[in-house]
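Encoded as structure tokens, the structure appears first; notes follow it.
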Amino acid sequence: MTVRTRFAPSPTGFLHIGGARTALYCWLEARRRGGAFVLRIEDTDRERSTDAAVKAILDAMAWLGLNADEGPVYQTERLGRYKEVAERLLAEGKAYYAYESKEEIEAMREAAMAKGEKPRYNGYYRDRNEPYRDDPNRVIRFKNPLEGAVVFEDKVKGRVEWANAELDDLVIFRSDGWPTYNFAVVVDDIDMGITEVIRGDDHVNNTPRQINIYHALGAPVPEFAHLPMILDKEGKKLSKRTNSVSVMEYREDGFLPHALLNYLVRLGWSHGDQEIFSVEEMIRLFDVADVNKAASRFDTEKLAWLNQQYLKSDDPQALAPEFAWHLARAGIDASHGPAPADVIVALRDRVHTLKEMAERAKIWYSPIVEWDEKAVAKHLKNETAAAVLGEARALLAGCEWKPEAIHQAVEQIAAKLALGMGKIAQPLRVAMTGTQVSPSIDHTVYLAGREEALKRLDDALARAAA
RNA sequence: GCUCCCUUCGUCUAGUGGCCUAGGACACCGCCCUCUCAAGGCGGGAACACGAGUUCGAGUCUCGUAGGGAGCGCCA
């Protein structure tokens with residue numbers, strides 16, 4: 001049987017980092033085993049689901065490159081099917097109508113808690129066989145087995161055993177006419193032929209109930225893999241108040257999609273000592289059965305390191321479109337000035353994110369607006385600066401406009417004036433950027449463009465003399 | 001409260017009874033390289049939650065304790 005996995009977010013917000021990892025693992029598992037990855041939108045909560053959220057999730061998945069083989073299928077379009085299955089359960093005596101109000105249920109729960117028991121429904125209507133009545137409180141409840149235990153072999157957690165006595169008769173159809181989560185997932189996963197349910201471990205507790213529904217429906221039970229949570233740096237639950245949790249926020253912060261994927265795949269999973277995984281390698285090596293059981297913390301610094309590794313090793317041309325997106329976001333008009341790919345080459349050893357890179361790239365796309373006075377005093381107003389700048393002006397006016405040629409010119413100046421590189425590069429750097437920090441001097445000059453470089457040299461000469 | 005789950009350096013992890021004097025990576029510190037900043041190279045400190053057992057031998061198996069997490073909805 002071919003493997004089929006699914007990612008089933010509920011569209012109540014953007015795609016967050018934990019959801020992205022779940023989607024990645026589902027996707028990888030399907031890819032490696034030549035199966036299908038399907039996307040399902042669990043939008044039966046009519047109060048909280050929005051179209052904007054659906055779009056946000058789809059956009060984030062597209063940016064990450066996690067393309068679905070099928071779907072999205074929307075649960076709201078399958079209402080008829082859920083009703084049909086519920087009717088069947090009713091007809092077979094495996095489900096029943098119950099009429100308690102929400103208040104009565106609440107009271108039941110409190111009473112149970114007071115007795116030190118687990119808050120559960122008492123099964124009042126279970127075997128009562130009362131005639132159907134139209135009642136605003138009418139729900140359909142599933143007849144959970146009273147005895148025995150549910151056992152399943154979780155691919156990450158291992159063997160999990162659950163006494164049926166711990167479970168109550170859950171509502172499968174709400175009084176508003178919509179199915180509940182635990183029922184809809186099972187019906188969908190059966191209809192969609194899902195063989196591997198990979199999801200967050202906040203669902204382990206639901207699994208025994210769902211397995212009982214599979215049994216009641218006479219359907220084969222899929223394999224389960226429950227992934228541990230991702231915590232924040234402090235070991236707390238990720239919250240949008242204190243952390244970046246949305247995938248698209250990571251894009252805005254300048255991270256590359258494959259760097260994020262690489263970080264996520266290593267969070268809770270490993271392959272020996274390997275840290276860097278291309279998407280192809282992930283597909284070949286990842287196995288959800290190797291995922292760790294314990295929760296892990298999200299470490300932005302390691303993500304940043306990984307991001308830089310990709311910045312350094314990727315083809316600058318391939319990075320250029322995403323970088324251009326960041327330039328635009330930083331308010332930079334890149335229609336004039338250096339080619340984005342050239343800027344990437346100059347800056348990729350020096351920044352961790354594309355956002356930072358765009359910030360630093362400003363000096364080549366617009367005139368120097370701010371001069372670091374200390375830099376000017378130290379490197380421009382000294383006895384050799386004017387000579388260096390003058391020589392540079394002369395040589396750069398005529399040399400070939402390539403980093404290598406510029407490098408040669410700088411060396412020529414050093415030789416001619418019998419000065420060390422420090423005495424040459426620093427005044428030039430201040431002239432080009434207004435500061436004493438920039439990439440190597442040849443690239444810094446090169447990226448300014450000949451015309452602009454000469455203009456900045458003249459400005460600096462004027463400042464040196466002032 | 002009840003049920004289920006988890007526990008190796010600060011963090012991500014390797015480790016499946018002897019190869020562990022516990023390895024790698026991020027972060028941190030030091031040195032080297034150097035036109036600034038980086039990047040890179042080399043080196044350093046840093047962990048098996050605790051307690052019993054099983055065993056010739058335990059990070060690895062069992063039990064207990066402590067700590068953490070999840071669930072107990074007509075949310076998903």
Side-chain angles (χ1 to χ4, degrees), chain A residues 8-12 42-45 47-49 75 98 100-102 105-106 109 112-121 137-141 154 157-158 160-163 165-168 170-182 184-185 199-208 226 228-229 231 233 235-237 263 266-276 292-306 308 312 347-352 360 375 379 410 414 420-430 433 435-442 444:
Chain A
S10 67
T12 53
E42 309 217 323
D43 52 356
T44 52
D45 183 345
E47 303 277 301
R48 301 195 299 148
S49 299
Q75 289 191 322
E100 286 89 352
S101 67
K102 291 180 184 176
I105 296 295
E106 184 53 36
R109 261 196 278 279
M113 287 279 260
K115 282 196 291 180
E117 287 168 7
K118 213 167 169 173
R120 301 171 14 173
Y121 174 63
N137 288 328
R138 187 200 62 243
V139 298
I140 301 174
R141 285 186 182 267
D154 192 279
K157 301 281 179 191
V160 177
E161 190 170 343
W162 216 286
E166 292 295 330
L167 273 20
D168 64 357
L170 69 155
V171 171
I172 59 175
F173 248 87
R174 303 195 287 241
S175 54
D176 68 1
W178 285 91
T180 59
Y181 165 76
N182 279 305
V185 240
R199 76 230 303 195
D201 71 3
D202 46 334
H203 291 281
V204 227
N205 304 279
N206 288 324
T207 307
H226 288 99
M229 305 202 80
L231 275 14
K233 194 154 179 121
K236 304 276 183 202
K237 202 169 170 175
Y263 181 74
R266 274 289 282 104
L267 200 58
W269 173 84
S270 63
H271 178 71
D273 288 338
Q274 190 171 343
E275 297 288 351
I276 310 279
N292 282 154
K293 296 177 176 187
S296 42
R297 303 181 187 205
F298 195 91
D299 180 7
T300 311
E301 287 185 326
K302 186 155 184 180
L303 204 212
W305 172 79
L306 258 177
Q308 188 186 44
K312 292 199 306 179
L347 286 171
R348 61 178 169 182
D349 283 345
R350 298 171 165 77
V351 298
H352 289 98
R360 298 235 203 153
H379 299 294
V410 172
M421 278 300 272
K423 284 285 180 193
I424 311 295
Q426 283 308 81
L428 283 176
R429 191 170 338 262
V430 178
T433 68
T435 72
Q436 32 190 341
V437 177
S438 85
S440 62
I441 195 61
D442 45 5
T444 302

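So that the names make sense, note that chain A is the first sequence line, chain B the second, and so on, each numbered from 1.
Where A:S270 and A:A294 each meet RNA chain B at their nearest nucleotide, the meeting point lying more 5' is that of A:A294. Residues A:E161 and A:G235 each lie close to RNA chain B; by heavy-atom proximity, the contact nearer the 5' end of the strand is made by A:E161.
Partners of A:K293 under the salt bridge (Lys or Arg N to Asp or Glu O under 4.0 Å) rule, at least two apart in sequence or in another chain, do not exist in this structure. Under the rule for a salt bridge (Lys or Arg N to Asp or Glu O under 4.0 Å), the partners of A:E166 that lie at least two apart in sequence or sit in another chain are A:K118. Residues satisfying the salt bridge (Lys or Arg N to Asp or Glu O under 4.0 Å) criterion with A:D154, sequence neighbours excluded, are absent altogether. Residues passing the salt bridge (Lys or Arg N to Asp or Glu O under 4.0 Å) test with A:R350: none are found, sequence neighbours excluded.
To the nearest angstrom, P of B:C4 lies 7 Å from CD of A:E166. B:C5 atom P lies 13 Å from atom NE2 of A:H226, rounded to whole Å. The interatomic distance linking A:I276 (CD1) with B:C12 (P) rounds to 18 Å, in whole Å. Atom P of nucleotide B:C4 and atom CG of A:L167 are separated by 12 Å, given to the nearest angstrom. The CG-P distance, from A:N292 to B:U60, rounds to 16 Å in whole Å. Separating the NZ atom of A:K293 from the P atom of B:C12 is a distance of 17 Å, rounded to the nearest angstrom.
Across B:A25 and B:C9, the matching C1' atoms stand 12 Å from one another, rounded to whole Å. B:C56 sits 29 Å from B:U65 when the C1' atoms are compared, rounded to a whole Å. Between the P atoms of B:G73 and B:U3, the separation comes to 16 Å (whole Å). Remark: the separation of the C1' atoms in B:C12 and B:A47 is 13 Å, to the nearest Å. When the C1' atom is compared between B:U16 and B:U60, the two are found 7 Å apart, to the nearest whole Å. For the P atom pair drawn from B:U13 and B:G51, the interatomic distance equals 25 Å after rounding to whole Å. Annotation: B:U21 and B:U62 have their P atoms spaced 23 Å apart (nearest Å). Taking atom C1' in both B:C74 and B:G53, the straight-line distance is 50 Å, to the nearest Å.
By the neighbour-count criterion of 12 heavy atoms within 6.0 Å, atom NZ of A:K423 is sparsely surrounded, having that number or fewer from other residues, nucleotides or ligands.
At distances below 3.5 Å, at least one donor-acceptor pair connects side-chain atoms of A:R297 with backbone N or O atoms of A:K233. Checking side-chain atoms of A:S270 against main-chain N and O of A:R266 turns up no donor-acceptor pair under 3.5 Å. Within the 3.5 Å criterion, the main-chain N or O of A:V139 finds no donor-acceptor partner in the side chain of A:S175.
With a cut-off of 3.5 Å on both Watson-Crick or G-U wobble distances, the partner of B:A22 is given as none. B:G64 is paired with B:C50 under the Watson-Crick or G-U wobble criterion, all donor-acceptor distances under 3.5 Å. Across all strands shown, nothing is found opposite B:A38 as a Watson-Crick or G-U wobble partner with both distances under 3.5 Å. Searching all strands for a Watson-Crick or G-U wobble partner of B:C72 with both distances below 3.5 Å returns B:G1. Under the Watson-Crick or G-U wobble criterion, with both distances below 3.5 Å, B:G45 is left unpaired in every strand shown.
Expressed to the nearest 0.5 Å, how far OG1 of A:T433 lies from CD1 of A:I441 amounts to 7.5 Å. A distance of 10.5 Å separates CD1 in A:I172 from CG in A:N182, rounded to the nearest 0.5 Å.
Applying the 4.0 Å criterion to OP1 and OP2 of B:U11, one finds that A:S296 has every side-chain N and O outside that range.
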Counting primed atoms, P, OP1 and OP2 as sugar-phosphate and everything else as base, the B/S/- map of nucleotides 70-76 of chain B against protein heavy atoms under 4.0 Å is BBBSBBB
Would you give a per-nucleotide map of nucleotides 22-39 of chain B, 5' to 3', where B means the base has a protein non-hydrogen atom under 4.0 Å away, S means only the sugar-phosphate does, and - means neither? -BBBSS-------BBBBS
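If you check every strand for non-hydrogen atoms under 4.0 Å, A:G268 touches sugar and phosphate atoms only.
The residue from A:N206, A:D201, A:V160 that alone fulfils the side-chain contact (heavy atoms from CB on, under 4.5 Å) condition with A:H226 is A:D201.
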